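Worksheet: the structure to be examined is printed underneath.
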Amino acid sequence: MSVAVWEVANRLGVVAGTPAELFSVLLAGPRRTVRLPLAPDHALVRALRPLGHLDLVLDEPPELPGPPPAGSVDLGDPAAVCAADPVRVTRAYEADPDPRGGLRPAWLRAGQSLLRDQDPADRALVLLAALDEGADPRTAAALSRGAAGSPWTLARSSRRPCTALTAAPDGRPVVREDRVLAVACLPDGTQAALDERGRLRLPGGRAGRLADAVAATLASHPATALAAAGDSVLTGDRMGTVHAFSLAGLEQAALHSGRVTALTATATAPAAPAATASGAAPSPLPAALTVYSGGTDGTVRAWRPGRPPGRSALARRPCPVVALHATGPYLAVAWADGLAELRRPDTGGTALFRPGPRIRAVAATADGTLVVGLDDAVLHLTCRACRPSR
């Protein structure tokens, strides 16, 4: 059943590890049509047919291999399972409860990614990131060697829940484990969060004139996304508009068709203003902002407050954006189909990673590390190389 669930989820551009998760995702989304290589009497087809949100078109299923003969794949050998047919490996692990040094639970956790066509080195990296902390150290060492050809290095991982990510003023990733939509460090260093109702939550209830004004606005007009940079606080709404609040006023731009799901921004310090003719101290100039936004329309857009928004999207894919975070030249993007990207908007370079489970949040650090937050883990990956986005 796992193989069928992962295959359907991959075709629909969603993430699901079990039939229950797949049904939940489908019921929450729009009506859609999907073509499946499954027989009409397949258990998953029978379960999906009653769902009014799905129109099934069934193809003649291919001759899928059955469980591997004994000894054909060593399920305890990381190199062997990474190079073998992923359908065979999945079926063998489902039939054999032996954890195999941690390989079996890691495979079943990350299976939706592993099922995709990819190099053994990429599978080794995904498995390494999915290992439990109690896995055999020899398994981790073997997977590390196998992942040497991947564009990523797993710097570290921790088994902890994550709902939102951002970076503190010192560049340290900030992980939230409570039920929030987004987290942002305000200009004075205060950590603010957007709760599930779209209201701003501040430590102690107050954090200065700007934050208080934003909180008052969101009390009557809830937000769907939050970010902060320079001297500004950014919010997005369900109509696709991004709002830039500062003490100088409010600017806004309609950037998306549908809800804004993610925001991030970087601030560039302006050049020092020239002295006035009278010798009076010049007025400080505000920081120049670059705002990145993502939406349910599957686009990532860049906007500089004070200028009209550009017409072209920085990125476009057939699924919603889940999370964004920018630091220096790097932009981290997470998508609803389980893809994480580390982008260089200045060069167009992109490195890709699919952990398997759904991604809750992402962050980028100044040294090019991609931080990926999952329901039960936080992964830190360093990029070795970039690939074209797909």
Side-chain angles (χ1 to χ4, degrees), residues 1-12 14-22 36-39 41-48 59-150 154 157 159 338 353-358 374-377 379:
M1 181 70 84
S2 294
V3 171
V5 169
W6 296 335
E7 177 66 24
V8 172
N10 280 336
R11 286 176 177 244
L12 294 176
V14 299
V15 176
T18 65
E21 290 178 357
L22 180 61
L36 300 176
L38 298 175
D41 61 347
H42 191 283
L44 186 59
V45 173
R46 295 198 305 270
L48 289 173
D59 292 332
E60 187 67 25
E63 293 298 323
L64 296 178
S72 63
V73 179
D74 183 351
L75 298 179
D77 181 352
V81 298
C82 290
D85 176 76
V87 173
R88 284 186 177 273
V89 174
T90 300
R91 289 181 172 177
Y93 278 141
E94 288 181 323
D96 185 350
D98 190 317
R100 308 282 179 163
L103 275 176
R104 179 184 185 272
W107 185 282
L108 297 179
R109 176 181 292 118
Q112 187 173 339
S113 173
L114 298 167
L115 200 65
R116 291 174 174 269
D117 185 25
Q118 58 193 296
D119 295 335
D122 294 325
R123 284 204 179 97
L125 177 76
V126 172
L127 276 172
L128 180 63
L131 281 180
D132 287 326
E133 292 175 340
D136 190 326
R138 291 172 296 183
T139 301
L143 289 173
S144 294
R145 291 192 297 271
S150 165
L154 182 66
S157 64
R159 287 289 157 197
F353 177 66
R354 288 184 182 271
R358 66 174 173 174
L374 310 176
D375 285 325
D376 63 352
L379 312 175

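Keep in mind it's a predicted model, so treat the numbers as computed, not measured.
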Backbone N/O of L131 and side chain of R159: donor-acceptor pair under 3.5 Å: yes

Determine, stepwise, if the pair D74 / V81 fulfils side chain to side chain contact (heavy atoms under 4.5 Å, CB included). CA-CA 7 Å; D74 183 351; V81 298; over 6 Å; no

What residues, two or more places apart in sequence or in another chain, satisfy side-chain contact (heavy atoms from CB on, under 4.5 Å) together with R100? L75, Y93, D96, D98, L103

Check whether Q112 reaches the backbone of P357 with its side chain - one donor and one acceptor, N or O, closer than 3.5 Å. no

Of the non-hydrogen atoms in L128 and L143, which two are nearest, and what is the gap between them? N-CD1, 3.7 Å

With Q118 via side-chain contact (heavy atoms from CB on, under 4.5 Å) - residues at least two apart: S113, R116, D122, R123, V126

Looking only at heavy atoms, the pair that brings L125 and S150 closest together is CD2-OG, 3.4 Å

Out of curiosity, L108 CG to W6 CH2, how far, rounded to the nearest 0.5 Å? 5.5 Å

Minimal non-hydrogen separation, V5 against A16, with atom names: CG1-O, 3.8 Å

Let me confirm one number: the OG1-CG distance from T90 to L114, rounded to the nearest 0.5 Å. 7.5 Å

Quick one: does L22's side chain get under 4.5 Å of L44's, heavy atoms only? yes

Please name the pair of heavy atoms, one in L379 and one in P355, separated by the smallest distance, quoted to 0.1 Å. CD1-CB, 4.3 Å

Answer yes or no: is there a donor N or O on one side and an acceptor on the other, between the side chain of D132 and the main chain of G134, under 3.5 Å? no

Salt bridge (Lys or Arg N to Asp or Glu O under 4.0 Å), that's the test. Do D375 and R358 meet it? Break it down for me. CA-CA 8 Å; D375 285 325; R358 66 174 173 174; 2.9 Å; yes

Identify the heavy atoms of G149 and A121 that sit nearest to each other, and give their distance. C-CB, 3.8 Å

Any donor-acceptor N/O pair, E7 side chain to V3 backbone, under 3.5 Å: no

Could you tell me the separation between the CH2 atom of W107 and the OG atom of S2, rounded to the nearest 0.5 Å? 12.0 Å

Of all heavy-atom pairs between G101 and A135, which one has the smallest distance, and what is that distance? O-CB, 3.7 Å

